[in-house]
**Student:** 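Below is a structure I'd like to ask you about.
Naming: A, B, ... by sequence-line order, numbering from 1 per chain. What's counted below: heavy atoms across the whole structure, side chains too, no hydrogens, waters or symmetry copies. Computed from a prediction, not measured in an experiment: that's the story for all the values here.
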Amino acid sequence: MTENRDYRDTVFLPQTDFPMKAGLPEKEPHILARWQEADLYAQLREARSGREKFILHDGPPYANGDIHIGHALNKVLKDAVVRSQTLLGKDAPYVPGWDCHGLPIEWKVEEAYRKKKLNKDEVPAEEFRAECRAYAAQWVEVQKAQFQRLGISGKWDQPYLTMAPEAEAAIVAELLKFAETGQLYRGAKPVMWSPVEKTALAEAEVEYEDITSTQIDVTFEIVESPIAELVGAHAVIWTTTPWTIPVNQALAYGPEVDYILIEALDEFAEPTGQRYLVATELYDSFRSRIRGQGNPNQNYATVDFFVGETLAGTICRHPMHHLGGFYAEPRPLLPGDFVTTDSGTGLVHMAPDHGEDDFALCKAHGINPKFVVEADGRYREDWLWLPRTDARNMSVINPKFNAPDGPICSDLKEAGALLAASTDYQHSYPHSWRSKAKVIYRCTPQWFVPMDKPVAPFDYPVAPLGGIGGAVALAVSASKTATLRETAIKAIADTRFVPEKGRNRIGSMVEGRPDWVLSRQRAWGVPITLFVDRKTGEYLVDPEVNARIIAAVREKGVDAWSDEAAPALLGPDYNVDDYERVVDILDVWFDSGSTHAFVLESGVWPELQSPADLYLEGSDQHRGWFQSSLLESCATRGRAPYKAVLTHGFTMDAKGMKMSKSLGNTVSPLDVMRDYGADIIRLWALSVDYTEDHRIGPEILKGVADQYRKLRNTFRYLLGALDGYTEAEALPVDQMPELERYMLALLGELDGKMRAAVDAFDFNTYTRSLIDFCNEDLSAFFFDIRKDCLYCDHPADPKRRAYRTVLDTMFHALIRYAAPVLVFTSEEVWASRYPTSGSVHLLEWPVVPAVETDASRWNALRELRTQVTEAIEPLRREKTVRSSLEAEVTVSDIDGVLREYRDLGPDFLAEIFISGPVAFVKTTDGPGISRTEHHKCGRCWRHLPEVAEDGDLCARCDDVVTKLDAEA
RNA sequence: GGGCCGGUAGCUCAGGUGGUUAGAGCGUACGCCUGAUAAGCGUAAGGUCGCAGGUUCGAGUCCUGCUCGGCCCA
């Protein structure tokens with residue numbers, strides 16, 4: 001051989017068209033279009049028909065606005081669950097849904113009205129609701145497209161909407177089940193109320209502004225007390241809402257607060273007999289207010305001190321007790337934990353009609369609201385003091401009404417009960433977002449679901465439902481009654497929680513929650529379809545009437561509940577004039593709490609079933625959907641609507657801070673898809689620990705993109721290395737070299753991890769295990785070692801065939817593992833190898849051959865390999881050795897264990913080390929390295945003794961090239 | 001303010017029932033290869049395990065307080 005031939009042509013390099021660069025933002029939409037064209041979701045249903053089902057029931061997002069990162073995380077997790085269960089061979093249909101009723105949509109529509117100078121109240125309710133419906137429908141379409149772009153697989157052409165008439169009818173049917181089992185009652189509750197708009201307001205509709213109010217100090221004469229010296233003294237209360245004094249029903253003290261009894265002194269420092277009770281800590285500020293009333297020298301003598309709790313049993317009378325009736329009733333002093341010494345007098349006047357603390361404390365002591373202030377903010381006509389008919393009556397939020405010279409203060413002064421009044425108190429006060437007018441707390445009648453009323457589950461007639469919501473759980477033992485709270489707590493115990501801590505979270509909430517307030521004074525929602533007997537106040541329970549109501553709603557939607565329709569709904573047996581038609585709508589949580597009924601049970605989606613295998617939402621839903629669904633189902637079916645509940649944390653910014661538009665630290669999934677692609681968001685969502693709050697940011701996304709590239713290149717290598725591979729080349733496992741058998745064993749180990757991760761919904765471990773395997777076991781170990789074999793051995797060589805057989809097995813396993821995560825890329829990879837064999841997502845969990853290997857031997861061998869590469873490093877640094885193939889290695893083999901590796905094949909260790917020849921020595925030292933004296937084979941670049949000159953062929957290559965030349 | 005949850009290398013995460021110098025992958029730096037090449041391989045540096053007390057022979061791991069952050073309430 002006189003000149004060196006270029007052997008590049010005789011080397012089998014990986015060959016593939018699969019590009020290294022992903023270009024996901026451009027590529028993904030095309031892949032998505034192909035799926036939609038082929039209706040992949042329908043194909044999947046067909047393929048899994050008859051299999052064991054796995055039902056993930058979708059919690060409906062609110063149909064308003066573009067999706068945010070929280071939506072993306074939630075839907076990707078759901079998709080990963082559905083896809084991984086599908087991969088296991090189960091039939092896992094996914095019907096996405098939307099929550100469509102409710103305030104935020106009402107607002108948006110109202111806002112549009114205002115821009116057009118229209119008044120909502122002048123628009124017919126039906127028309128207004130139609131606009132809300134259209135608004136929601138439009139956002140459903142937008143979000144649908146965005147979710148699909150994320151690669152979420154589901155029945156997008158038939159989602160469920162809470163505003164669909166069938167859904168509205170089913171929700172009504174569920175409500176009527178509560179009515180029929182006596183699980184509804186009308187009570188009262190203070191709500192934020194705008195007298196200007198004559199409507200209740202939600203917290204979010206209220207804005208706080210600084211205002212200056214009248215502040216007054218009012219005395220209540222103590223008429224009874226276990227403490228004798230208090231009788232005849234006056235308890236002093238302080239308030240900034242004088243208008244609530246006419247509705248006062250009690251006083252509150254702080255059990256832990258210290259009080260002082262003082263006596264006013266006259267100008268000669270003589271006692272006047274006027275004694276007042278205030279909190280010790282607030283005595284100074286109280287006195288300065290009195291002095292500010294033109295009594296700059298007013299002094300007091302201390303009479304005694306009391307701890308709050310000793311005031312129990314003390315009773316006052318109202319300053320206007322002379323009016324008789326309501327005002328002559330006793331005003332007890334009640335213990336209130338909410339009483340502080342921040343301001344006022346440490347004694348708080350209680351008007352259960354107009355404060356939450358007031359309401360709760362009074363209710364606990366059997367004192368009920370009086371509903372004195374009407375919707376327009378004026379006292380009602382029959383009220384004793386300042387009734388509507390009084391010329392001085394006006395809206396209670398009118399500053400003049402509350403002024404020191406206004407009717408209330410004037411009358412109090414006349415009664416000798418006004419110690420001080422001034423118009424200089426600055427504080428923050430709630431105003432209507434819309435009208436900017438002040439709002440008040442006002443008690444209004446509301447509908448409740450009792451948590452602690454014993455009911456006999458299922459022992460009641462059920463309205464004929466005609467298919468919608470008709471599937472009611474079979475009656476179980478009706479002999480034992482249980483409260484809703486008890487049933488719910490039992491259901492929680494019967495449910496699997498992932499992570500486990502969710503059980504405690506929802507459990508403590510259900511244990512402590514108050515009765516469920518169902519009613520809202522709103523327009524866009526499902527009506528509380530009850531007729532209330534005007535005489536008895538009882539709501540009508542008649543299965544036939546209920547059936548008519550349900551049928552009407554199914555036909556016309558929520559508009560079916562109207563005054564015009566009332567006679568027909570009631571039917572001939574009732575006189576419409578005897579009944580009040582309830583006009584409140586349902587809390588939207590009742591809507592979504594009923595989805596299990598109208599989605600899982602209705603038969604509209606026959607592929608679904610109830611209870612669901614899994615509900616999966618953010619941790620805020622412990623108070624939301626998880627709970628409303630639980631309560632709704634427990635009240636009507638006696639069990640939870642789910643077998644398992646999975647909760648995820650919230651996505652924070654890169655620093656762990658909450659995202660907000662005002663901070664400008666939001667990350668939009670739409671932007672990430674545009675810049676990186678949906679597969680990157682998916683890989684991110686499935687890499688983080690979703691059980692806790694987790695982060696996203698530029699650095700994190702860059703890291704995720706790196707991980708993605710590694711996976712992509714692994715597949716690219718597999719595609720290239722498997723170029724031209726067919727079944728005919730496959731070799732049985734028992735004919736494979738030890739390395740191949742070891743790799744198959746590792747794959748089996750990985751397979752076990754992946755299955756366990758799917759069962760635990762632990763996608764973090766799932767993706768990590770996959771990536772680590774690609775990095776450590778494949779790229780840095782197996783692929784690297786077998787590079788020589790792949791490139792240089794003859795295609796028919798059993799070793800090369802074994803290698804490619806294992807690569808093929810690896811490919812088929814890894815592409816399936818990757819499919820639920822990298823939905824687009826896995827399809828791209830699959831299509832690159834199998835352009836005509838359908839979607840990768842139709843495949844099932846890989847069958848991995850069970851192979852036994854000596855794990856401890858391989859662990860020791862890999863440890864030795866690490867030592868060898870470490871030992872080569874210094875020689876590389878000094879440039880003695882460049883490629884590891886130039887390194888000759890001696891390894892210690894005192895006990896002769898390594899010698900058995902020789903049985904594993906010629907040059908076995910050199911192969912594993914990717915080094916030059918390996919020799920055994922009897923020392924206790926680590927591996928020894930020296931530069932080889934052998935020449936470099938011109939084809940495989942290994943340094944071997946038979947190579948006479950650099951560029952000549954080694955024996956193996958000579959053999960291969962000869963064969964190839966002959967075959968050519 | 002209350003209930004619940006969390007804070008381990010630059011990033012993402014492991015660290016049964018407390019026990020040798022706290023681990024992995026990625027990234028970074030440096031080097032090798034130039035026949036996976038905007039790829040592949042190797043080596044190295046990086047952590048007072050949020051802070052402070054306490055229990056213990058010994059604590060990332062148990063207790064208390066604090067701090068920061070989160071969800072839900074008020």
Side-chain angles (χ1 to χ4, degrees), chain A residues 6-16 18-21 203 337-338 340 356-357 360 499 501-502 504-509 511-514 618-624 627 647-659 683-684 686-689 691-710 712-721 764-765 767-776 779-781 783-785 787-788 790-792 865-866 868-879 881-887 914 939-941:
Chain A
D6 182 357
Y7 294 104
R8 189 177 299 257
D9 296 343
T10 71
V11 169
F12 306 101
L13 300 177
Q15 270 207 314
T16 177
F18 187 80
M20 194 179 303
K21 190 176 178 328
E203 182 61 43
D337 294 334
F338 51 85
T340 66
E356 286 187 281
D357 289 336
K501 64 191 174 195
N504 179 35
R505 181 112 186 248
I506 192 170
S508 57
M509 283 180 184
E511 276 170 25
R513 68 159 295 153
S619 59
D620 56 334
Q621 298 303 325
H622 286 110
R623 181 153 299 272
Q627 197 176 143
T647 47
H648 59 253
F650 277 67
T651 304
M652 301 297 134
D653 75 1
K655 296 191 187 97
M657 306 294 275
K658 169 192 191 139
M659 290 188 194
L683 187 55
W684 163 79
L686 299 173
S687 300
V688 298
D689 179 3
T691 66
E692 299 294 343
D693 290 348
H694 46 266
R695 307 172 181 203
I696 195 168
E699 186 186 5
I700 293 167
L701 283 168
K702 192 175 162 292
V704 173
D706 284 331
Q707 307 277 32
Y708 170 85
R709 231 172 287 131
K710 187 72 197 192
R712 185 178 178 89
N713 275 317
T714 299
F715 281 115
R716 182 166 182 269
Y717 174 82
L718 283 169
L719 289 169
N764 175 2
T765 298
T767 55
R768 172 164 308 283
S769 302
L770 181 61
I771 290 168
D772 284 356
F773 183 77
C774 289
N775 285 330
E776 288 304 286
S779 190
F781 183 69
F783 293 171
D784 211 27
I785 290 169
K787 214 186 258 192
D788 173 75
L790 180 73
Y791 294 176
C792 301
R865 181 175 194 262
T866 302
V868 170
T869 47
E870 267 172 33
I872 295 174
E873 195 59 22
L875 281 84
R876 279 185 142 144
R877 297 251 164 221
E878 65 187 38
K879 311 288 186 197
V881 159
R882 306 186 78 89
S883 161
S884 59
L885 291 170
E886 296 169 2
I914 319 180
R939 180 160 173 274
C940 72
W941 299 349

**Student:** Mind telling me whether B/rG42 is syn or anti, cutoff 90° either side of 0?
**Tutor:**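 B/rG42: anti.
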**Student:** Which whole number of Å gives the distance between the C1' atom of B/rC49 and that of B/rG35?
**Tutor:**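 Rounded to whole Å, the distance is 46 Å.
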**Student:** If B/rA36 has a Watson-Crick or G-U wobble mate with both distances under 3.5 Å, name it; if not, just say none.
**Tutor:**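 Partner of B/rA36: none found under 3.5 Å.
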**Student:** When you compare B/rA45 with B/rA22, how far apart are their P atoms, in angstrom units rounded to a whole number?
**Tutor:**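 The same atom, P, in both gives a distance of 14 Å.
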**Student:** Roughly how many Å is it from CG in A/Leu683 to P in B/rC26, rounded to a whole number?
**Tutor:**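 Atom CG in A/Leu683 sits about 14 Å away from atom P in B/rC26.
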**Student:** Among B/rU43, B/rC5, B/rA39, find the nucleotide with the atom closest to the side chain of A/Asn713.
**Tutor:**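 When the side chain of A/Asn713 is considered, B/rA39 is the closest of B/rU43, B/rC5, B/rA39.
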**Student:** Is B/rU64 paired to anything, Watson-Crick or G-U wobble with both distances less than 3.5 Å, and if yes, which nucleotide?
**Tutor:**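 Check on B/rU64: paired to B/rA52, both distances under 3.5 Å.
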**Student:** Would you tell me if any nitrogen or oxygen in the side chain of A/Lys702 comes within less than 4.0 Å of OP1 or OP2 on B/rG10?
**Tutor:**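 No, because none of the side-chain N or O atoms of A/Lys702 sits under 4.0 Å from OP1 or OP2 of B/rG10.
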**Student:** From the options B/rG25, B/rU37, B/rC33, select the nucleotide whose nearest atom is closest to the side chain of A/Met20.
**Tutor:**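 Output: B/rU37.
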**Student:** Between B/rA36 and B/rG40, how far apart are the P atoms? Round to whole Å, please.
**Tutor:**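 These two P atoms come out 11 Å apart once rounded.
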**Student:** For the residue pair A/Phe783 and A/Tyr717, is the inter-centroid distance of their aromatic rings smaller than 6.0 Å?
**Tutor:**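 Ring-ring flag for A/Phe783/A/Tyr717: true, centres closer than 6.0 Å.
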**Student:** Donor-acceptor pair under 3.5 Å: do we get one between A/Arg623's side chain and the base of B/rC71?
**Tutor:**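 For A/Arg623, whose side chain was compared with the base of B/rC71, there is no donor-acceptor pair (under 3.5 Å).
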**Student:** Which is true for A/Tyr717 with a 4.0 Å heavy-atom rule: it touches a base, it touches only sugar-phosphate, or it touches nothing?
**Tutor:**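 Base, at least one base atom sits under 4.0 Å.
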**Student:** With a 4.0 Å cut-off on heavy atoms, is A/Arg939 in touch with a base, just the backbone sugar-phosphate, or nothing at all?
**Tutor:**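 Base, at least one base heavy atom under 4.0 Å.
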**Student:** How many whole angstroms separate atom CG of A/Asn764 from atom C1' of B/rC13?
**Tutor:**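 The answer, rounded to whole Å, is 6 Å.
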**Student:** Closest-nucleotide mapping onto RNA chain B: is A/Asn775 or A/Pro14 further toward the 5' terminus? I mean the 5' end.
**Tutor:**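 Result: A/Asn775.
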**Student:** I want to verify a distance call: between B/rG40, B/rC11, B/rU43, whose nearest atom is closest to the A/Asp784 side chain?
**Tutor:**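 Of all the options, the side chain of A/Asp784 is nearest to B/rG40.
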**Student:** Find the distance A/Leu875:CG to B/rU43:P and express it as a whole number of Å.
**Tutor:**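 Roughly 14 Å, once rounded to whole Å.
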**Student:** Scan A/Asp689 against the nucleic acid and name what it touches under 4.0 Å (heavy atoms): base, sugar-phosphate only, or nothing.
**Tutor:**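 Result for A/Asp689 = sugar-phosphate.
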**Student:** Taking only N and O in the side chain of A/Thr869, is any of them less than 4.0 Å away from OP1 or OP2 of B/rU43?
**Tutor:**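 For B/rU43, OP1 or OP2 has a side-chain N or O of A/Thr869 closer than 4.0 Å.
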**Student:** Rounded to whole angstrom, note down the P distance from B/rU8 over to B/rC13.
**Tutor:**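 Their P atoms lie roughly 10 Å apart.
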**Student:** Taking only the side-chain heavy atoms of A/Arg882 (C-beta and beyond), determine which of B/rC32, B/rG6, B/rG31 contains the nearest atom.
**Tutor:**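 In terms of side-chain proximity for A/Arg882, the closest of B/rC32, B/rG6, B/rG31 is B/rC32.
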**Student:** Determine the contact category for A/Arg709: base if any of its heavy atoms lies under 4.0 Å from a base atom, sugar-phosphate if only primed atoms, P, OP1 or OP2 are that close, otherwise nothing.
**Tutor:**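 If one applies the 4.0 Å heavy-atom cut-off, A/Arg709 turns out to touch nothing in the nucleic acid.
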**Student:** Report yes if at least one side-chain N or O of A/Lys879 is closer than 4.0 Å to OP1 or OP2 of B/rG31; otherwise report no.
**Tutor:**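 It does not, given that no N or O in the side chain of A/Lys879 lies less than 4.0 Å from OP1 or OP2 of B/rG31.
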**Student:** With nearest nucleotide decided by heavy atoms, which residue, A/Lys658 or A/Thr691, maps closer to the 5′ end of RNA chain B?
**Tutor:**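 That would be A/Thr691.
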**Student:** Check the phosphate of B/rU37 against A/Arg716, side-chain N and O only, distance under 4.0 Å to OP1 or OP2. Yes or no?
**Tutor:**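 Checking A/Arg716 against B/rU37: at least one side-chain N or O falls below 4.0 Å of OP1 or OP2.
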**Student:** If only atom types and distance count, is the side chain of A/Arg695 paired as donor or acceptor with the main-chain N or O of A/Asp653 below 3.5 Å?
**Tutor:**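 Between the backbone of A/Asp653 and the side chain of A/Arg695 there is no qualifying donor-acceptor contact (under 3.5 Å).
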**Student:** Give none if B/rG16 has no partner; otherwise give the nucleotide forming a Watson-Crick or G-U wobble pair with it, both distances under 3.5 Å.
**Tutor:**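 Result: none.
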**Student:** Consider the side chain of A/Gln707, meaning its heavy atoms from C-beta on, and name the nucleotide among B/rG40, B/rC26, B/rC33 that approaches it most closely.
**Tutor:**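 Side chain of A/Gln707 sits closest to B/rC26.
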**Student:** Using the C1' atom in both, what is the distance from B/rC63 to B/rU55, to the nearest Å?
**Tutor:**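 Roughly 7 Å separates the two C1' atoms.
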**Student:** Keeping the roles fixed (side chain from A/Arg768, backbone from A/Ser687), state whether a donor-acceptor pair exists under 3.5 Å.
**Tutor:**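 A pair under 3.5 Å: no.
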**Student:** Mind checking the P distance from B/rA9 to B/rU61? Whole angstroms is fine.
**Tutor:**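 Their P atoms lie roughly 14 Å apart.
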**Student:** Select one nucleotide: of B/rU43, B/rG25, B/rC32, the one nearest the side-chain heavy atoms of A/Asp772.
**Tutor:**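 Shortest atom-to-atom distance from the side chain points to B/rG25.
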**Student:** Tell me the closest heavy-atom pair linking A/Cys774 and A/Thr714, and the distance in Å.
**Tutor:**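 Nearest pair, atom of A/Cys774 first, then A/Thr714: CB-OG1, 3.6 Å.
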**Student:** What integer number of Å spans the P atoms of B/rG42 and B/rG25?
**Tutor:**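 That atom pair is separated by 10 Å.
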**Student:** Checking base pairs now: Watson-Crick or wobble, both atom distances under 3.5 Å. What partners B/rU28?
**Tutor:**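 Because both required distances fall under 3.5 Å, B/rU28 counts as paired with B/rA44.
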**Student:** Base, sugar-phosphate, or nothing: which does A/Ser779 touch, judged by heavy atoms less than 4.0 Å apart?
**Tutor:**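 The answer is base, as A/Ser779 lies within the cut-off (heavy atoms under 4.0 Å) of a base atom.
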**Student:** Take the protein atom CG of A/Asp706 and the nucleotide atom C1' of B/rU28, then report the distance between them rounded to whole Å.
**Tutor:**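 Between C1' of B/rU28 and CG of A/Asp706: 11 Å.
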**Student:** Looking only at atom C1', what distance separates B/rC11 and B/rG53, rounded to whole Å?
**Tutor:**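 Comparing C1' positions in B/rC11 and B/rG53 gives a spacing of 32 Å.
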**Student:** Looking across every strand, which nucleic acid part, if any, lies under 4.0 Å from A/Gly720 by heavy atom: base, sugar-phosphate, or nothing?
**Tutor:**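 Nothing: the residue A/Gly720, judged by heavy atoms under 4.0 Å, touches no strand.
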**Student:** Looking at every strand, decide which applies to A/Phe783 at a 4.0 Å heavy-atom threshold: base, sugar-phosphate, or nothing.
**Tutor:**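 Result for A/Phe783 = base.
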**Student:** Base, sugar-phosphate, or nothing: which does A/Glu692 touch, judged by heavy atoms less than 4.0 Å apart?
**Tutor:**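 Touches sugar-phosphate only.
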**Student:** Categorize A/Trp941 for me: base, sugar-phosphate, or nothing, with a 4.0 angstrom heavy-atom threshold over every strand shown.
**Tutor:**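 Base: the residue A/Trp941, judged by heavy atoms under 4.0 Å, touches a nucleobase.
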**Student:** Pick base, sugar-phosphate or nothing for A/Arg8, based on heavy-atom distances below 4.0 Å to the nucleic acid.
**Tutor:**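 If one applies the 4.0 Å heavy-atom cut-off, A/Arg8 turns out to touch a base.
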**Student:** Could you tell me whether the side chain of A/Arg623 and the main chain of A/Met509 form a donor-acceptor pair under 3.5 Å?
**Tutor:**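 Such a contact is absent between A/Arg623 side chain and A/Met509 backbone.
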**Student:** So if I take every side-chain heavy atom of A/Tyr791 and compare against B/rC11, B/rC32, B/rA36, which nucleotide ends up nearest?
**Tutor:**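 Selected nucleotide (nearest to the side chain): B/rA36.
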**Student:** Report the distance from atom CZ of A/Arg865 to atom P of B/rG42, rounded to the nearest whole Å.
**Tutor:**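 To the nearest whole Å, that distance equals 7 Å.
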**Student:** Whole angstrom is fine here: how far is it from CZ in A/Arg876 over to C1' in B/rC41?
**Tutor:**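 Rounded to whole Å, this separation is 7 Å.
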**Student:** Closer than 3.5 angstrom, by distance alone: can the side chain of A/Arg865 be matched with the main-chain N or O of A/Ile914 as a donor-acceptor pair?
**Tutor:**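 Here the side-chain-to-backbone pair does not exist.
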**Student:** For B/rC13, does OP1 or OP2 lie under 4.0 Å from any side-chain N or O of A/Arg768?
**Tutor:**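 Checking B/rC13 against A/Arg768, no side-chain N or O comes under 4.0 Å of OP1 or OP2.
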**Student:** To the nearest Å, give me how far apart NZ (A/Lys501) and P (B/rC4) are.
**Tutor:**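 Value for this atom pair: 14 Å.
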**Student:** Could you check which nucleotide pairs with B/rG1 in any of the strands shown, counting Watson-Crick or G-U wobble with both distances under 3.5 Å?
**Tutor:**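 When the pairing criteria are applied, B/rC73 turns out to be the nucleotide that pairs with B/rG1.
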**Student:** Would you tell me whether A/Thr691 and A/His648 have side-chain atoms, one donor and one acceptor, within less than 3.5 Å of each other?
**Tutor:**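 Per modelled atom types, A/Thr691 and A/His648 side chains form no pair under 3.5 Å.
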**Student:** Can you find a side chain N or O atom of A/Lys655 that sits less than 4.0 Å from OP1 or OP2 on B/rG10?
**Tutor:**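 For B/rG10, neither OP1 nor OP2 has a side-chain N or O of A/Lys655 closer than 4.0 Å.
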**Student:** Looking at A/His622, is its backbone amide N or carbonyl O close enough to the side chain of A/Arg505 to form a donor-acceptor pair, meaning the two atoms are under 3.5 Å apart?
**Tutor:**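 No; zero donor-acceptor contacts below 3.5 Å.
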**Student:** Measure from the side-chain N and O atoms of A/Thr767 to the backbone N and O of A/Leu686, and report whether any donor-acceptor pair falls under 3.5 Å.
**Tutor:**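 Checking the backbone N and O of A/Leu686 against the side chain of A/Thr767, a donor-acceptor pair under 3.5 Å is found.
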**Student:** If you compare all heavy atoms of A/Val704 against all heavy atoms of A/Trp684, which two are closest, and at what distance to 0.1 Å?
**Tutor:**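 Scanning both residues, the minimum pair turns out to be CG1-N, 3.7 Å.
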**Student:** How many whole angstroms separate atom NE2 of A/His694 from atom P of B/rU12?
**Tutor:**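 That distance rounds to 11 Å.
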**Student:** Counting side-chain heavy atoms from CB outward, which of B/rA36, B/rC26, B/rC41 is closest to A/Lys787?
**Tutor:**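 For A/Lys787, the side-chain atoms sit closest to B/rA36.
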